[in-house]
Amino acid sequence: MLTFVLRPILCAAVEPYLPEQADPILEPWRWREIEELNGLGVVCVDEAPDGTFWFGNIGSIAHYDGIQVEKIPLDEQLLAQIKTKTSSPMTHALIVTRDERLLMIIGHSLVCRTSNGWDVILDKLGPAGLTTRLEQADDGTFWLMTEQGVWHISENLKKIDRIMRAKKHEDFSAFCRDHQGTLWVVRRSNRQKVSDLIRIPIQSEGAQPESEWLHYRLDLNIPSKEAALEEGPKGKIWYVDSEATNGIHAFDPRRKTWRKLDQPHARHPYYSLMRDRQGTLWAGGRGALFSIPKKEGFYSASVLALPTAPLAIFEVSDGRWWVIGRVGQVYLVDLGEKRWKTY
(Lines give C-alpha, C1' and ligand atoms only; values in the text may rest on other atoms or scores of the structure.)
Protein backbone atom coordinates (compact mmCIF):
# COMPACT_ATOMS: atom_id res chain seq x y z
CA MET A 1 0.00 0.00 0.00
CA LEU A 2 1.30 3.42 -0.91
CA THR A 3 1.21 6.10 1.71
CA PHE A 4 1.34 9.76 0.80
CA VAL A 5 2.47 12.31 3.31
CA LEU A 6 1.18 15.79 2.70
CA ARG A 7 3.58 18.47 3.81
CA PRO A 8 2.67 22.12 4.14
CA ILE A 9 4.06 24.37 1.42
CA LEU A 10 5.94 27.32 2.87
CA CYS A 11 5.26 30.52 0.97
CA ALA A 12 7.50 33.55 1.37
CA ALA A 13 6.22 37.00 0.59
CA VAL A 14 7.96 38.58 -2.36
CA GLU A 15 8.87 42.24 -1.87
CA PRO A 16 8.25 44.46 -4.86
CA TYR A 17 11.44 45.59 -6.57
CA LEU A 18 12.08 49.28 -6.31
CA PRO A 19 14.25 50.89 -8.98
CA GLU A 20 17.53 52.28 -7.72
CA GLN A 21 17.59 56.04 -7.67
CA ALA A 22 20.98 57.39 -8.68
CA ASP A 23 22.41 60.38 -6.83
CA PRO A 24 21.83 63.25 -9.28
CA ILE A 25 25.00 65.03 -8.16
CA LEU A 26 27.01 62.02 -9.34
CA GLU A 27 25.35 61.66 -12.75
CA PRO A 28 27.84 63.11 -15.26
CA TRP A 29 25.19 63.88 -17.86
CA ARG A 30 23.71 66.49 -15.54
CA TRP A 31 26.94 68.53 -15.55
CA ARG A 32 27.73 70.69 -18.57
CA GLU A 33 30.83 72.83 -18.75
CA ILE A 34 30.05 76.10 -20.54
CA GLU A 35 33.28 76.50 -22.44
CA GLU A 36 32.17 79.81 -23.98
CA LEU A 37 32.38 81.35 -20.48
CA ASN A 38 35.60 79.73 -19.30
CA GLY A 39 37.98 82.40 -20.52
CA LEU A 40 36.13 85.35 -19.03
CA GLY A 41 37.17 85.04 -15.39
CA VAL A 42 33.58 84.62 -14.21
CA VAL A 43 32.98 85.62 -10.58
CA CYS A 44 29.19 85.83 -10.15
CA VAL A 45 25.89 85.36 -11.98
CA ASP A 46 22.24 86.39 -11.80
CA GLU A 47 19.14 85.46 -13.77
CA ALA A 48 17.11 87.95 -15.82
CA PRO A 49 13.29 87.80 -15.96
CA ASP A 50 13.45 86.32 -19.47
CA GLY A 51 15.45 83.32 -18.22
CA THR A 52 18.78 84.47 -19.63
CA PHE A 53 21.85 85.11 -17.47
CA TRP A 54 24.23 87.94 -16.71
CA PHE A 55 27.75 87.24 -15.47
CA GLY A 56 30.17 89.48 -13.61
CA ASN A 57 33.74 88.86 -14.69
CA ILE A 58 37.24 90.24 -14.46
CA GLY A 59 37.31 93.23 -16.79
CA SER A 60 33.85 92.67 -18.28
CA ILE A 61 30.29 91.54 -17.86
CA ALA A 62 28.58 89.02 -20.16
CA HIS A 63 25.10 87.98 -21.26
CA TYR A 64 24.29 84.33 -22.01
CA ASP A 65 21.03 83.19 -23.61
CA GLY A 66 21.80 79.47 -23.49
CA ILE A 67 23.42 79.50 -26.93
CA GLN A 68 25.63 82.55 -27.34
CA VAL A 69 27.73 84.69 -25.02
CA GLU A 70 27.82 88.46 -25.51
CA LYS A 71 30.84 89.97 -23.75
CA ILE A 72 30.60 93.65 -22.72
CA PRO A 73 34.01 95.11 -21.77
CA LEU A 74 34.33 97.81 -19.13
CA ASP A 75 34.99 100.83 -21.30
CA GLU A 76 37.57 103.56 -20.68
CA GLN A 77 34.97 106.12 -19.59
CA LEU A 78 33.70 103.84 -16.84
CA LEU A 79 37.23 102.92 -15.74
CA ALA A 80 38.04 106.62 -15.42
CA GLN A 81 34.92 107.23 -13.30
CA ILE A 82 35.57 104.41 -10.85
CA LYS A 83 39.24 105.43 -10.52
CA THR A 84 40.52 101.89 -10.71
CA LYS A 85 44.24 101.20 -10.75
CA THR A 86 43.81 98.28 -13.16
CA SER A 87 42.38 98.06 -16.65
CA SER A 88 40.57 94.84 -15.70
CA PRO A 89 38.87 95.31 -12.33
CA MET A 90 36.79 92.50 -10.86
CA THR A 91 33.00 92.52 -10.84
CA HIS A 92 32.59 91.30 -7.27
CA ALA A 93 28.78 91.11 -7.28
CA LEU A 94 26.02 91.53 -9.87
CA ILE A 95 22.23 91.44 -9.70
CA VAL A 96 19.43 92.01 -12.21
CA THR A 97 17.00 94.39 -10.50
CA ARG A 98 13.22 94.09 -10.61
CA ASP A 99 13.09 96.75 -13.33
CA GLU A 100 15.82 94.90 -15.28
CA ARG A 101 18.73 97.22 -14.58
CA LEU A 102 22.12 95.71 -13.83
CA LEU A 103 23.56 96.68 -10.44
CA MET A 104 27.18 95.71 -9.80
CA ILE A 105 30.16 96.16 -7.54
CA ILE A 106 33.09 96.81 -9.88
CA GLY A 107 36.41 97.49 -8.24
CA HIS A 108 35.59 99.78 -5.31
CA SER A 109 32.38 101.24 -6.80
CA LEU A 110 28.66 100.55 -7.04
CA VAL A 111 27.74 100.78 -10.73
CA CYS A 112 24.41 100.61 -12.60
CA ARG A 113 23.99 99.73 -16.27
CA THR A 114 20.88 100.45 -18.31
CA SER A 115 20.17 100.81 -22.01
CA ASN A 116 21.66 104.30 -21.70
CA GLY A 117 25.04 103.02 -20.52
CA TRP A 118 27.02 103.02 -17.27
CA ASP A 119 26.27 105.11 -14.17
CA VAL A 120 28.44 105.19 -11.06
CA ILE A 121 26.12 105.27 -8.03
CA LEU A 122 28.66 105.16 -5.23
CA ASP A 123 32.44 105.17 -5.38
CA LYS A 124 35.06 104.80 -2.67
CA LEU A 125 33.39 101.78 -1.12
CA GLY A 126 36.76 100.63 0.12
CA PRO A 127 38.14 97.14 -0.45
CA ALA A 128 35.60 94.80 -2.04
CA GLY A 129 36.66 91.17 -1.80
CA LEU A 130 35.19 87.84 -2.76
CA THR A 131 32.77 87.97 0.18
CA THR A 132 31.04 91.12 -1.12
CA ARG A 133 27.24 90.71 -1.10
CA LEU A 134 24.59 92.65 -3.02
CA GLU A 135 20.88 91.77 -2.72
CA GLN A 136 17.48 93.26 -3.49
CA ALA A 137 14.91 92.87 -0.73
CA ASP A 138 11.19 92.21 -1.16
CA ASP A 139 10.46 95.92 -0.67
CA GLY A 140 12.69 96.77 -3.62
CA THR A 141 15.55 98.27 -1.60
CA PHE A 142 19.11 97.00 -1.80
CA TRP A 143 21.55 95.71 0.80
CA LEU A 144 25.28 95.84 0.19
CA MET A 145 28.16 94.48 2.27
CA THR A 146 31.87 94.95 1.61
CA GLU A 147 34.85 94.39 3.88
CA GLN A 148 34.51 97.93 5.23
CA GLY A 149 30.79 98.54 5.54
CA VAL A 150 27.10 97.69 5.14
CA TRP A 151 24.77 99.97 3.16
CA HIS A 152 21.00 100.20 2.67
CA ILE A 153 20.02 101.76 -0.68
CA SER A 154 16.61 102.86 -1.94
CA GLU A 155 15.11 101.22 -5.03
CA ASN A 156 15.64 104.38 -7.11
CA LEU A 157 19.31 104.44 -5.94
CA LYS A 158 18.90 108.00 -4.64
CA LYS A 159 18.98 107.39 -0.88
CA ILE A 160 22.06 105.64 0.48
CA ASP A 161 22.46 104.89 4.22
CA ARG A 162 25.63 103.41 5.61
CA ILE A 163 24.53 101.46 8.66
CA MET A 164 27.85 99.82 9.57
CA ARG A 165 31.43 101.01 9.25
CA ALA A 166 34.44 98.85 10.08
CA LYS A 167 36.78 100.32 12.65
CA LYS A 168 40.54 100.08 12.50
CA HIS A 169 41.72 96.46 12.48
CA GLU A 170 38.17 95.24 11.71
CA ASP A 171 36.38 93.95 8.65
CA PHE A 172 33.08 92.31 7.70
CA SER A 173 33.40 88.76 6.37
CA ALA A 174 29.84 87.46 5.88
CA PHE A 175 26.25 88.64 5.52
CA CYS A 176 22.75 87.21 5.05
CA ARG A 177 19.08 88.10 5.54
CA ASP A 178 16.68 85.62 7.13
CA HIS A 179 13.05 84.96 6.15
CA GLN A 180 11.89 87.81 8.41
CA GLY A 181 14.25 90.28 6.77
CA THR A 182 16.58 90.45 9.78
CA LEU A 183 20.22 91.15 8.93
CA TRP A 184 23.04 88.92 10.15
CA VAL A 185 26.62 90.14 9.75
CA VAL A 186 29.95 88.62 10.82
CA ARG A 187 32.47 91.19 12.04
CA ARG A 188 36.08 90.13 12.46
CA SER A 189 38.61 91.82 14.74
CA ASN A 190 42.14 91.30 13.45
CA ARG A 191 43.71 92.67 16.60
CA GLN A 192 41.71 90.54 19.06
CA LYS A 193 41.57 87.51 16.71
CA VAL A 194 37.83 87.04 17.26
CA SER A 195 34.65 87.14 15.16
CA ASP A 196 31.14 88.13 16.25
CA LEU A 197 27.77 87.41 14.68
CA ILE A 198 25.64 90.56 14.82
CA ARG A 199 21.82 90.51 14.59
CA ILE A 200 20.35 93.72 13.16
CA PRO A 201 16.53 94.02 13.32
CA ILE A 202 14.94 95.71 10.31
CA GLN A 203 11.88 97.94 10.32
CA SER A 204 10.02 99.62 7.45
CA GLU A 205 12.43 102.57 7.27
CA GLY A 206 15.58 100.45 7.57
CA ALA A 207 17.82 99.12 10.31
CA GLN A 208 16.85 99.70 13.94
CA PRO A 209 19.23 101.75 16.14
CA GLU A 210 22.51 100.13 17.12
CA SER A 211 21.28 99.89 20.71
CA GLU A 212 18.86 97.18 19.49
CA TRP A 213 21.57 95.06 17.86
CA LEU A 214 22.64 91.79 19.47
CA HIS A 215 26.17 90.32 19.39
CA TYR A 216 27.13 86.65 19.65
CA ARG A 217 30.75 85.48 19.84
CA LEU A 218 31.87 82.80 17.38
CA ASP A 219 34.14 80.08 18.77
CA LEU A 220 36.78 79.90 16.06
CA ASN A 221 40.39 78.78 16.11
CA ILE A 222 41.48 81.29 13.47
CA PRO A 223 38.88 83.91 12.42
CA SER A 224 38.79 83.85 8.64
CA LYS A 225 38.54 86.79 6.25
CA GLU A 226 36.57 84.67 3.78
CA ALA A 227 33.31 83.32 5.22
CA ALA A 228 29.66 82.76 4.32
CA LEU A 229 26.33 82.87 6.17
CA GLU A 230 22.94 81.42 5.20
CA GLU A 231 19.65 80.71 6.94
CA GLY A 232 18.87 77.01 7.11
CA PRO A 233 15.97 74.87 8.33
CA LYS A 234 14.13 76.02 11.47
CA GLY A 235 15.57 79.50 11.14
CA LYS A 236 19.10 78.57 12.17
CA ILE A 237 21.96 80.68 10.82
CA TRP A 238 24.79 78.58 9.39
CA TYR A 239 28.41 79.70 9.15
CA VAL A 240 31.31 78.33 7.08
CA ASP A 241 34.73 79.77 6.27
CA SER A 242 37.98 79.08 4.48
CA GLU A 243 39.85 77.91 7.60
CA ALA A 244 39.47 74.11 7.85
CA THR A 245 40.15 73.97 11.60
CA ASN A 246 37.17 76.21 12.37
CA GLY A 247 34.55 73.71 11.24
CA ILE A 248 30.91 74.50 10.46
CA HIS A 249 28.67 76.25 13.00
CA ALA A 250 24.92 76.80 13.38
CA PHE A 251 23.35 79.51 15.53
CA ASP A 252 19.86 79.02 16.97
CA PRO A 253 18.27 82.49 17.36
CA ARG A 254 15.53 81.20 19.67
CA ARG A 255 17.90 79.59 22.15
CA LYS A 256 20.77 81.99 21.44
CA THR A 257 23.18 79.07 21.30
CA TRP A 258 25.83 77.80 18.89
CA ARG A 259 26.29 74.21 17.73
CA LYS A 260 29.37 72.96 15.92
CA LEU A 261 28.66 70.34 13.27
CA ASP A 262 30.25 67.08 14.43
CA GLN A 263 31.12 65.46 11.11
CA PRO A 264 34.52 64.71 9.56
CA HIS A 265 33.62 66.50 6.33
CA ALA A 266 32.80 69.66 8.29
CA ARG A 267 36.54 70.04 8.89
CA HIS A 268 37.27 71.26 5.37
CA PRO A 269 37.59 74.80 4.02
CA TYR A 270 34.37 76.17 2.52
CA TYR A 271 33.92 79.42 0.62
CA SER A 272 30.21 79.72 -0.19
CA LEU A 273 26.78 78.69 1.09
CA MET A 274 23.59 78.26 -0.95
CA ARG A 275 20.10 77.20 0.17
CA ASP A 276 18.25 75.31 -2.56
CA ARG A 277 14.50 75.27 -3.21
CA GLN A 278 14.05 72.22 -0.94
CA GLY A 279 15.72 74.08 1.93
CA THR A 280 18.94 72.07 1.83
CA LEU A 281 22.18 73.96 2.42
CA TRP A 282 25.13 73.40 0.10
CA ALA A 283 28.66 74.51 0.88
CA GLY A 284 31.23 75.05 -1.85
CA GLY A 285 34.74 73.86 -1.02
CA ARG A 286 37.91 73.31 -3.02
CA GLY A 287 36.30 71.57 -5.94
CA ALA A 288 34.01 69.86 -3.41
CA LEU A 289 30.35 70.13 -2.44
CA PHE A 290 28.90 69.42 0.99
CA SER A 291 25.19 69.01 1.73
CA ILE A 292 24.47 70.23 5.26
CA PRO A 293 23.68 68.50 7.52
CA LYS A 294 23.38 65.18 5.58
CA LYS A 295 25.88 62.59 6.82
CA GLU A 296 26.48 61.20 3.32
CA GLY A 297 26.41 64.55 1.58
CA PHE A 298 30.10 65.14 0.82
CA TYR A 299 31.33 65.08 -2.78
CA SER A 300 35.09 65.49 -3.18
CA ALA A 301 36.84 67.15 -6.10
CA SER A 302 38.12 63.78 -7.28
CA VAL A 303 34.62 62.27 -7.25
CA LEU A 304 33.18 65.26 -9.12
CA ALA A 305 36.21 65.48 -11.42
CA LEU A 306 36.56 69.20 -10.70
CA PRO A 307 39.70 71.32 -10.19
CA THR A 308 40.61 71.84 -6.54
CA ALA A 309 39.61 75.50 -6.56
CA PRO A 310 37.03 77.27 -4.37
CA LEU A 311 33.48 76.89 -5.68
CA ALA A 312 30.57 79.34 -5.69
CA ILE A 313 27.03 77.95 -6.20
CA PHE A 314 23.99 79.81 -7.54
CA GLU A 315 20.51 78.29 -8.02
CA VAL A 316 18.19 79.64 -10.74
CA SER A 317 14.40 79.64 -11.02
CA ASP A 318 14.06 76.21 -12.66
CA GLY A 319 16.24 74.50 -10.05
CA ARG A 320 19.42 74.29 -12.10
CA TRP A 321 22.72 75.34 -10.55
CA TRP A 322 25.57 77.44 -11.76
CA VAL A 323 28.81 76.17 -10.22
CA ILE A 324 31.69 78.60 -10.69
CA GLY A 325 35.28 77.64 -9.96
CA ARG A 326 37.75 80.33 -8.99
CA VAL A 327 40.16 79.16 -11.69
CA GLY A 328 37.62 80.06 -14.38
CA GLN A 329 35.56 76.92 -15.08
CA VAL A 330 31.79 77.42 -15.25
CA TYR A 331 29.31 74.53 -15.04
CA LEU A 332 25.54 74.36 -15.47
CA VAL A 333 24.08 71.50 -13.42
CA ASP A 334 20.59 70.16 -14.17
CA LEU A 335 19.14 68.54 -11.04
CA GLY A 336 15.55 68.38 -12.29
CA GLU A 337 13.11 65.66 -11.31
CA LYS A 338 13.13 64.10 -14.77
CA ARG A 339 15.85 61.47 -14.58
CA TRP A 340 16.63 57.98 -15.79
CA LYS A 341 15.96 55.06 -13.45
CA THR A 342 18.31 52.09 -13.22
CA TYR A 343 16.60 48.68 -13.18
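Just so you know, these numbers come straight off a predicted model, no measurement behind them.
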Taking Met90 as the starting point, is it possible to reach Ile105 by hopping between hydrophobic residues whose side chains are less than 4.5 Å apart? no

Counting C-beta onward and ignoring hydrogens, is there a side-chain heavy-atom pair between Phe290 and Val240 closer than 4.5 Å? no

Using modelled atom types only, decide if a donor and an acceptor are shared between the side chain of Arg286 and the backbone of His268 within a distance under 3.5 Å. no

Can you give me the closest heavy-atom contact between Asp241 and Leu220, atom names plus distance? OD2-CD1, 4.2 Å

Nearest heavy-atom pair of Ala174 and Leu229: which atoms, and what distance? CB-CG, 3.7 Å

Between Thr245 and Glu243, does any side-chain donor sit less than 3.5 Å from a side-chain acceptor? yes

Check whether any side-chain heavy atom of Ser173 lies under 4.5 Å from a side-chain heavy atom of Lys225, and answer yes or no. no

Spatial distance of atom NE2 (His169) from atom CG (Asn190) [nearest 0.5 Å]: 8.0 Å

Under 3.5 Å, side chain of Ser88 to main-chain N/O of Ile58, donor-acceptor pair present? no

Can you measure from CZ (Arg267) to CD1 (Ile248) and round to the nearest 0.5 angstrom? 10.0 Å

Consider side chain to side chain donor-acceptor pair (under 3.5 Å). Of His152, Glu155, Gln136, which one does Thr141 pass it with? His152

Output yes when Asp171 and Arg188 qualify as a salt bridge under the 4.0 Å nitrogen-oxygen rule, no when they do not. yes

Residue pair Thr52 / Tyr64: nearest heavy atoms and the distance that separates them: CB-O, 3.5 Å

Short question: side chain of Arg98, backbone of Asp138 - any donor-acceptor pair under 3.5 Å? yes

Are side-chain heavy atoms of Asp119 and Thr114 found at a separation under 4.5 Å? no

With side chains defined as the heavy atoms from C-beta onward, is the minimum distance between Arg101 and Val96 less than 4.5 Å? no

Where is the tightest heavy-atom contact between Ile198 and Met164, given as atom of each residue plus distance? CD1-CE, 3.8 Å

No-hydrogen, no-angle side-chain donor-acceptor test under 3.5 Å, Glu47 and Ser317: yes

Check Lys236 with Glu231, please: is the shortest side-chain N to carboxylate O separation under 4.0 Å? no

Ring pair (Phe, Tyr, Trp, His ring centres under 6.0 Å) between Phe251 and Tyr239, worked out: CA-CA 8 Å; Phe251 180 75; Tyr239 171 92; over 10 Å; no

Atom CG of Asp65 and atom CG of Asp50: how far apart are they, to the nearest 0.5 Å? 9.0 Å

Would you check, one step at a time, whether the test salt bridge (charged side-chain N to carboxylate O under 4.0 Å, His left out) holds for Lys168 with Glu170? CA-CA 5 Å; Lys168 189 176 181 180; Glu170 288 184 350; over 6 Å; no

Reference residue Val111; test side-chain contact (heavy atoms from CB on, under 4.5 Å); the match among Leu103, Ile61, Leu74, Leu78: Leu78

Is any side-chain N of the basic residue among Glu315 and Arg275 closer than 4.0 Å to the acidic one's carboxylate O? no

Quick one: closest heavy-atom pair of Met274 and Asp276, and the distance? SD-N, 3.6 Å

Flag the pair Leu197 / Trp184 as yes when at least one side-chain heavy-atom distance between them is below 4.5 Å, and no otherwise. yes

Can you find a heavy atom in the side chain of Arg32 that is under 4.5 Å from one in the side chain of Asp334? no

Minimal heavy-atom distance between Leu311 and Tyr271, with the atoms involved, is O-CB, 4.5 Å

With a 3.5 Å distance limit and no angle check, can you tell me whether Ser60 reaches the backbone of Asn57 through a side-chain donor-acceptor pair? no

Using the ring pair (Phe, Tyr, Trp, His ring centres under 6.0 Å) rule, take Trp322 and Phe53 through it: C-alpha gap first, then chi angles, then the decisive distance, then the call. CA-CA 10 Å; Trp322 286 102; Phe53 302 97; 5.2 Å; yes

Whether His265 and Phe298 hold their rings parallel, tilted or perpendicular, with breakpoints at 30° and 60°: parallel

Backbone N/O of Ile25 and side chain of Trp31: donor-acceptor pair under 3.5 Å: yes

Between Arg326 and Pro310 (side chain of the first, backbone of the second, donor and acceptor by atom type, cut-off under 3.5 Å), is there such a pair? no

Go through the steps for Phe142 and Ser154 under the test side chain to side chain contact (heavy atoms under 4.5 Å, CB included), then give the verdict. CA-CA 6 Å; Phe142 302 97; Ser154 64; over 6 Å; no

If I take atom CE from residue Met145 and atom CG from residue Leu125, how far apart are they, to the nearest 0.5 angstrom? 12.0 Å

In the structure I gave you, are the side-chain heavy atoms of Ile292 and Trp282 within less than 4.5 Å of one another anywhere? no

Rounded to the nearest 0.5 Å, what's the gap from CD1 on Ile324 to CG on Leu332? Could you check? 10.5 Å

Any donor-acceptor pair under 3.5 Å from Asp46 side chain to Phe55 backbone: no

Taking the side chain as every heavy atom from C-beta outward, state whether Asp161 and Lys159 have any atom pair closer than 4.5 Å. yes

Under 3.5 Å, is there a donor-acceptor pair between the side chain of His92 and the main chain of Ala128? yes

Parallel, tilted or perpendicular, judged at 30° and 60°: which one describes the rings of His249 and Trp258? perpendicular

Classify the ring geometry between Phe175 and Trp143 as parallel (under 30°), tilted (30 to 60°) or perpendicular (over 60°). tilted

Output yes when a side-chain donor or acceptor of Ser224 lies under 3.5 Å from a complementary backbone atom of Ala227, and no otherwise. no

Please confirm whether the backbone N or O of Gln208 pairs with a side-chain atom of Trp213, one donor and one acceptor, at under 3.5 Å? yes

